[in-house]
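Values in this document were obtained by computation on a predicted structure and should not be read as measured data.
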Amino acid sequence: GQGMDFEELRGWRSGDNIRDIDWKASAHSRQQLVRVFTQETDRPTVLLVDQRRSLFFGSRERTKSVTAAQVAAMLAWMVVNSGDRLGGIVFNNQTQDLLRPSRAKRASMRLLQTICEYNQQLRPGSNSFDDPVTLDSVLARSASYLNNNGTLILVTDGDGLEDDRLSHLEYLAHQFNVLLFLIVDPLEESIAGVSQLVVSDGRAQMQLSADHQAQVRFSEQHRSQLQAIRDRIATHGLPFGVIDTVAPVDRQMQAVFGLG
């Protein structure tokens with residue numbers, strides 16, 4: 001794109017470019033605001049797509065990893081259709097793959113293919129700060145591929161999003177637009193009314209039982225953990241959307257962007 005000058009902020013209108021949304025101003029005003037420019041500009045978007053072990057979980061319709069992949073795919077096509085450059089970092093606990101921002105549609109297809117490959121590699125387990133790849137390393141790498149008009153979008157389940165990582169994101173938000181999509185599963189918030197659970201890693205399965213007190217303890221613990229993540233994100237002034245693993249992703253995305 002060509003250089004351009006900022007003109008004004010105004011409310012979102014049907015047909016507006018997702019890349020023109022000012023996430024920080026929208027968060028403060030509680031309505032979608034877009035930046036109006038006099039010309040097009042070079043506004044690359046980098047998607048950070050989490051495919052770590054903690055996302056290999058789903059209780060009903062989809063796993064969190066598949067939901068994250070669907071969210072990333074929708075965002076990718078929105079960026080490509082707007083004519084802006086799209087790049088990404090797809091990562092798990094062991095490796096990360098970088099795709100530099102490009103307007104070529106074949107580049108977006110490579111990004112989607114990479115996400116699929118990482119998704120298929122997932123195995124059960126938990127995240128660790130000793131993993132070769134962490135949120136810290138991914139965030140540190142991402143900033144070098146954006147300019148002042150760029151947008152950084154993190155799609156994750158929030159595992160490991162402690163205050164120091166959110167502070168890092170807040171620092172990046174002073175340079176770029178930063179947006180988070182938090183992937184959640186309803187069972188993580190509550191197992192009330194579930195007397196028996198069947199757990200599977202895709203090959204073997206086992207049945208678990210839980211009494212009422214165990215259900216309450218589980219629900220309280222996980223609900224408080226998720227709420228703490230959301231509270232920390234909000235405290236740091238970072239705009240975010242919550243996408244669950246049950247409802248259709250496209251409808252949830254429309255709701256996040258105020259289009260539903």
Side-chain angles (χ1 to χ4, degrees), residues 1-4 6 12 15-24 26 32 34-37 39-52 55 65-92 95-121 133 135 137-156 169 172-173 175-183 238-241 243 249-250 252-254 256-259:
Q2 298 79 30
M4 59 181 282
F6 172 78
W12 170 277
D16 279 341
N17 188 335
I18 177 181
R19 293 288 293 103
D20 288 333
I21 296 177
D22 189 314
W23 300 107
K24 187 171 292 187
S26 297
Q32 298 292 351
V34 298
R35 294 168 294 170
V36 178
F37 297 89
Q39 292 179 291
E40 289 187 348
T41 189
D42 183 31
R43 302 187 301 273
T45 293
V46 171
L47 301 180
L48 307 182
V49 187
D50 192 347
Q51 291 288 288
R52 292 176 298 162
L55 282 91
S65 61
V66 168
T67 303
Q70 292 182 0
V71 170
M74 293 190 65
L75 291 168
W77 286 118
M78 293 171 78
V79 173
V80 169
N81 289 337
S82 71
D84 291 322
R85 291 191 295 138
L86 171 70
I89 298 178
V90 187
F91 62 100
N92 58 25
T95 60
Q96 53 180 311
D97 272 280
L98 167 73
L99 291 91
R100 295 176 182 274
S102 170
R103 287 188 182 83
K105 288 195 174 182
R106 63 179 178 274
S108 62
M109 291 302 296
R110 284 200 302 271
L111 174 60
L112 298 181
Q113 180 61 38
T114 302
I115 295 172
C116 289
E117 291 171 356
Y118 269 67
N119 188 267
Q120 293 168 4
Q121 295 170 14
V133 176
L135 280 177
S137 61
V138 172
L139 291 174
R141 190 179 188 187
S142 64
S144 59
Y145 301 103
L146 290 169
N147 58 31
N148 290 336
N149 291 319
T151 294
L152 185 68
I153 304 179
L154 173 60
V155 184
T156 181
L169 282 169
L172 293 176
Q175 306 172 61
F176 328 113
N177 278 316
V178 173
L179 174 64
L180 281 79
F181 279 89
L182 195 62
I183 311 300
L238 297 168
F240 69 98
I243 305 294
V249 170
D250 57 344
Q252 295 186 74
M253 294 286 282
Q254 289 175 353
V256 168
F257 292 120
L259 304 178

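- Contacts of Q252 classified as side-chain contact (heavy atoms from CB on, under 4.5 Å), with partners at least two apart in sequence or in another chain: R62, I243, D244, A247.
- From K105, atom NZ reaches atom CH2 of W77 across 6.0 Å, with rounding to the nearest 0.5 Å.
- Partners of Q121 under the side-chain hydrogen bond (donor to acceptor under 3.5 Å, both in side chains) rule, at least two apart in sequence or in another chain, do not exist in this structure.
- We find the CD1-CG distance between I89 and L139 to be 8.5 Å, quoted to the nearest 0.5 Å.
- Every residue was checked against the side-chain hydrogen bond (donor to acceptor under 3.5 Å, both in side chains) condition with S108, not counting sequence neighbours, and none meets it.
- The side-chain hydrogen bond (donor to acceptor under 3.5 Å, both in side chains) check on T156 picks up D50, with sequence neighbours excluded.
- Under the side-chain hydrogen bond (donor to acceptor under 3.5 Å, both in side chains) criterion, D250 pairs with no residue, sequence neighbours left out.
- For R100, the side-chain contact (heavy atoms from CB on, under 4.5 Å) test picks out L98, Y145, with sequence neighbours left out.
- Partners of Y118 according to the side-chain contact (heavy atoms from CB on, under 4.5 Å) rule, which considers only residues two or more places apart in sequence or in another chain, are Q51, V90, N92, T95, D97, T114.
- Every side-chain contact (heavy atoms from CB on, under 4.5 Å) that S26 has, sequence neighbours left out, goes to I21, Q32, L33.
- The line from OG1 of T45 to CG of L146 is 8.0 Å long, rounded to the nearest 0.5 Å.
- The CH2 atom of W23 sits 13.0 Å away from the CG atom of L238 when rounded to the nearest 0.5 Å.
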